[in-house]
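Keep in mind that what you see is a predicted model, and the values were worked out from it rather than measured. All values below were derived from every heavy atom in this structure, side-chain atoms included, with hydrogens, water molecules and symmetry-related copies excluded. Heads up: numbering here begins at 1 and tracks the sequence.
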Amino acid sequence: MSENKLISLLNQMTIDEKIAQLMQLATPFFKGAEDQGQITGPMADMGITDMIVQNSGSVLGASGAKEIMNIQRTHMEENRLGIPLLFMSDIVHGYKTIFPVPLAIGCSWDLKLAEKSAEMAAKEASVSGVHVTFAPMVDLVRDPRWGRVMESTGEDPFLNSEFARAFVRGFQGNELTTDVERVAACVKHFAAYGAPEGGRDYNTVDMSERELRENYLPAYQAALEEGCEMVMTAFNTVFGIPATGNKRLMRKMLREEMGFDGILISDWGAVKEMIPHGVAENEKEAAYKAITAGVDIEMMTSTYVNHLKELVEEKLVDESLIDEAVLRILQLKQKLGLFENPYRGANVELESEVVMSTTHREAARELAAKSSVLLKNESTLPLKREQKIALIGPFAENGDILGPWSWLGSKKDAVTVKEGLLTKIKDSHLTVSKGCDTENITDAQLEEALKAAREADVIVLALGEDSEMSGEAGCRANIQLPAAQLQLIEHLKSLDKPMAAVLFNGRPLDLHGVLDQTDAVLEAWYPGTEGGAAIADLLFGDVNPSGRLTMSFPYHVGQVPVYYNRFNTGRPKGAPDAQERYVSQYLDIPNDPLLPFGFGLSYTSFTYSEMKLSNETMTEEQSLDVSIQVTNDGPVAGEEVVQLYIRDHSGEVIRPVKELKDFKKISLEPSETADVSFTISEDQLRYHHSDLQYKSDSGTFTVYIGRNNKDVMEQTFKLEK
């Protein structure tokens with residue numbers, strides 16, 4: 001269907017039909033849905049009529065080719081103009097084959113695997129009838145108390161931007177119309193949702209515009225540059241106004257400055273939530289503010305269908321605002337080929353072959369292994385197959401390792417740690433004991449664990465957070481492991497046996513009581529469907545750990561937010577261990593995190609040497625080359641993430657002590673040396689000045705290269721302008 005035909009279709013629509021296109025409803029409202037008619041609670045108070053449903057534009061949360069085709073078929077029969085529905089769902093890190101949570105994927109520093117995971121998730125979703133995924137979430141995150149840090153790739157704007165691009169490429173491919181194995185992506189949450197006060201979900205966000213542009217907008221911009229079709233509004237405030245009703249944010253910054261011309265959708269209920277926010281007196285005012293801000297689709301509240309027509313009749317809203325929103329929705333439906341084929345890639349027969357295929361599970365296993373980060377190892381790992389192992393902990397046989405936003409992922413399909421270990425060793429070499437529940441411990445559980453440990457050569461602890469302790473609304477003020485698990489560690493420590501901990505969690509933790517009490521710690525995050533298999537690969541050395549942290553692990557929750565690209569202050573702390581007054585420091589804990597950004601160990605060791613700059617000066621036209629030699633001087637092959645940081649020593653506004661500007665992941669055999677080179681260009685030295693101009697300044701810079709942001713070599717150069 002051509003653009004002219006879309007406009008012709010738009011012109012045939014009544015005002016009621018247009019407004020209904022802007023309504024997104026969950027499956028219970030639709031004929032053909034398995035849960036049709038189960039309309040309870042707030043949904044029952046929305047005032048949704050059969051006519052609104054017949055003319056609505058999109059469906060939230062439908063799954064499975066059969067159900068989606070049934071809903072679409074019925075809808076096409078009842079919709080006067082035969083306009084197909086868009087089916088949207090939260091396919092964040094997998095459809096049914098669940099990959100590691102995005103924070104873990106970030107720790108892989110592997111953009112190709114990240115793209116591949118999104119491509120496979122899209123393939124499973126599309127064959128099951130889904131058209132749009134509410135992903136990627138690219139919010140910059142600095143506060144591990146916030147439950148949704150697991151849905152981001154970390155605290156660095158450059159790295160988040162690179163992963164944003166990779167995920168959008170994976171979901172959407174090159175041609176949505178012809179490639180029915182892809183889905184449209186929706187980047188979220190615009191904007192700055194990752195900076196809520198107190199790390200508490202849905203809470204106030206207050207920051208300067210310069211900070212917003214410098215650190216929080218780049219990843220959204222990267223997703224848009226890759227062609228992301230949709231943007232979701234954030235729940236939070238920006239410049240004191242809720243994002244969903246923020247005309248300056250959405251019309252000026254998102255559409256005019258960032259060039260976005262696709263669909264803007266509210267988050268669940270966010271339009272009506274402007275009332276408790278205190279910027280709308282009633283639903284009518286909320287609808288007015290959302291439509292004038294440019295929100296095209298209202299998700300799961302009904303202010304548009306209940307009040308937009310009235311606002312148009314009162315000449316408070318120009319109908320052209322509704323027309324532009326409807327046209328954008330029709331354009332995406334056309335781009336997805338829905339007018340020609342309303343069922344698109346949905347295929348009941350093929351669905352059973354594609355979903356949870358061996359190929360997808362193998363990829364999930366590879367990514368889970370590469371996303372895990374070895375945090376400590378005192379000659380305990382890798383395990384030996386002849387050792388007698390006591391596997392102890394609440395996650396020893398627990399399938400709750402998929403993490404939040406796993407949607408159709410099943411705990412029953414997840415490979416547990418026990419199952420993974422038994423692919424490597426005999427039954428007789430493994431004893432399993434729960435030891436405690438996630439948050440409670442009994443004397444009987446403890447005694448059983450101690451008995452198993454006494455008979456073993458080595459203890460493997462499977463510890464962490466239940467998935468409900470993380471994710472949306474999963475905020476925690478205490479970010480240590482629950483006390484029951486720390487108590488379990490303490491008792492087992494008394495046996496004086498080698499002890500390795502495997503951690504399942506969705507946030508950086510305060511690891512006191514873990515890192516200091518065990519001999520090895522493997523951060524597995526929520527590793528997904530193949531988690532147990534990947535962990536076994538790592539524990540036995542069949543795969544060498546290569547993950548590196550993309551969020552700093554705090555020494556104490558009192559430091560939060562703690563992140564590497566901080567400012568120096570006018571009274572910087574001196575030596576790390578110095579305790580002196582009248583500098584910016586705590587009197588009772590260090591300033592630095594327990595584990596820094598970029599940190600991760602390996603079963604081999606890497607030496608950095610011979611750092612060289614091609615010149616001591618650079619210009620706007622003349623870039624600078626920097627190289628370093630990296631040698632694997634350990635016993636086994638391994639992958640190293642070579643990280644490049646830059647510091648601008650004197651800016652027009654204060655500048656961070658370090659900023660990640662590039663990285664390369666290399667693989668080296670024992671005794672092999674690689675020359676790793678980077679090119680630094682003037683555009684990498686730009687930043688937002690006090691007048692919000694984005695440019696560089698002449699002056700002195702330091703470039704750092706190393707294995708994390710602390711362990712680096714450095715050289716100085718000048719930019720001349």
Side-chain angles (χ1 to χ4, degrees), residues 27 34 59-72 86-102 104-105 112-137 151 166-176 178-186 228-230 336-338 341 343-368 371 399 401-415 526-531 533-534:
T27 54
E34 292 181 3
V59 184
L60 173 66
S63 64
K66 181 179 178 181
E67 179 181 34
I68 286 177
M69 291 172 77
N70 285 340
I71 295 172
Q72 188 78 287
L86 275 170
F87 290 87
M88 308 187 192
S89 295
D90 288 282
I91 299 136
V92 175
H93 55 111
Y95 177 77
K96 190 164 177 61
T97 304
I98 304 301
F99 292 86
V101 293
I105 294 176
K112 289 183 178 178
L113 267 182
E115 181 176 341
K116 188 176 182 181
S117 72
E119 179 183 349
M120 290 181 170
K123 188 172 183 178
E124 290 194 2
S126 61
V127 78
S128 304
V130 177
H131 305 143
V132 179
T133 175
F134 295 128
M137 186 186 106
E151 206 176 337
F167 288 134
V168 172
R169 287 195 302 268
F171 285 129
Q172 293 192 173
N174 298 318
E175 179 52 63
L176 273 175
T178 57
D179 189 352
V180 298
E181 294 185 345
R182 306 287 182 144
V183 295
C186 176
C228 190
E229 293 289 347
M230 290 180 56
L336 289 165
L338 296 179
N341 179 10
Y343 308 116
R344 201 169 183 265
N347 187 312
V348 175
E349 292 75 24
L350 193 58
E351 184 178 21
S352 60
E353 298 176 19
V354 171
V355 175
M356 291 282 285
S357 69
T358 300
T359 301
H360 291 185
R361 294 192 70 142
E362 287 173 350
R365 179 174 182 168
E366 180 183 9
L367 188 50
S371 297
I401 60 173
L402 305 180
W405 293 114
S406 299
W407 199 34
L408 295 182
S410 170
K411 296 176 185 178
K412 294 179 180 179
D413 292 328
V415 179
Y526 294 117
T529 303
E530 289 291 321

Contacts of Glu67 meeting salt bridge (charged side-chain N to carboxylate O under 4.0 Å, His left out) (sequence neighbours excluded), chain-then-number -> none

Sequence neighbours left out, what passes salt bridge (charged side-chain N to carboxylate O under 4.0 Å, His left out) with Lys116? Give chain and number order. none

Would you check if Pro404 and Tyr526 make a side-chain contact, meaning some heavy-atom pair closer than 4.5 Å? yes

Please name the pair of heavy atoms, one in Leu176 and one in Gln172, separated by the smallest distance, quoted to 0.1 Å. CD2-O, 3.7 Å

Take Asp179 and Asn174 through the test side-chain contact (heavy atoms from CB on, under 4.5 Å) and record every step on the way to the result. CA-CA 8 Å; Asp179 189 352; Asn174 298 318; over 6 Å; no

So, taking the atom named CD1 in Ile98 and the one named CG in Leu408, what distance separates them when rounded to the nearest 0.5 Å? 7.5 Å

Can you check whether Asp413 reaches Met356 side chain to side chain, under 4.5 Å on heavy atoms? yes

May I have all residue pairs that pass side-chain hydrogen bond (donor to acceptor under 3.5 Å, both in side chains) and include part of residues 122-137, sequence neighbours excluded? Tyr95-Ser128, Thr97-Glu124, Glu124-His360, Ser128-Glu351

Tell me, do Ser410 and Lys96 make a side-chain contact under 4.5 Å, heavy atoms counted? yes

Please walk me through it: do Val92 and Glu151 pass side-chain contact (heavy atoms from CB on, under 4.5 Å)? CA-CA 8 Å; Val92 175; Glu151 206 176 337; 3.8 Å; yes

Qualifying residues under side chain to side chain donor-acceptor pair (under 3.5 Å), relative to Arg365, sequence neighbours excluded: Asp537

Might you point out which heavy atoms bring Ala534 and Ala368 nearest each other, and give the distance in Å? CB-CB, 3.6 Å

Kindly compute the distance separating CD1 (Ile91) from OG (Ser63), expressed to the nearest 0.5 Å. 9.5 Å

Within-4.5 Å side-chain heavy-atom neighbours: Tyr343 and Gln72: yes

Can you measure from CZ (Phe167) to CD (Glu119) and round to the nearest 0.5 angstrom? 13.5 Å

Any non-hydrogen side-chain atom of Leu60 less than 4.5 Å from a side-chain atom of Thr27? no

Sorted by chain and number, sequence neighbours left out, salt bridge (charged side-chain N to carboxylate O under 4.0 Å, His left out) with Arg361 holds for Glu530

Indicate yes or no: at least one non-hydrogen side-chain atom of Ser117 is less than 4.5 angstrom from one of His93. no

Find out whether Val355 and Val127 are in side-chain contact, i.e. whether some heavy atom of one side chain is under 4.5 Å from a heavy atom of the other. yes

Can you name the nearest heavy-atom pair linking Phe134 to Met88, along with the distance? CZ-CB, 3.5 Å

In terms of heavy-atom contacts, Gly409 and Leu402 come closest through C-CD1, 3.6 Å

Does Ile68 have any side-chain contact (heavy atoms from CB on, under 4.5 Å) partners at least two apart in sequence or in another chain, and if so, which? Ala62, Phe87, Val130

What heavy-atom pair brings Pro100 and Ala364 nearest, and what distance separates the two atoms? CD-O, 4.4 Å

Distance-minimising heavy-atom pair for Gly61 and Trp407: O-CZ2, 3.3 Å

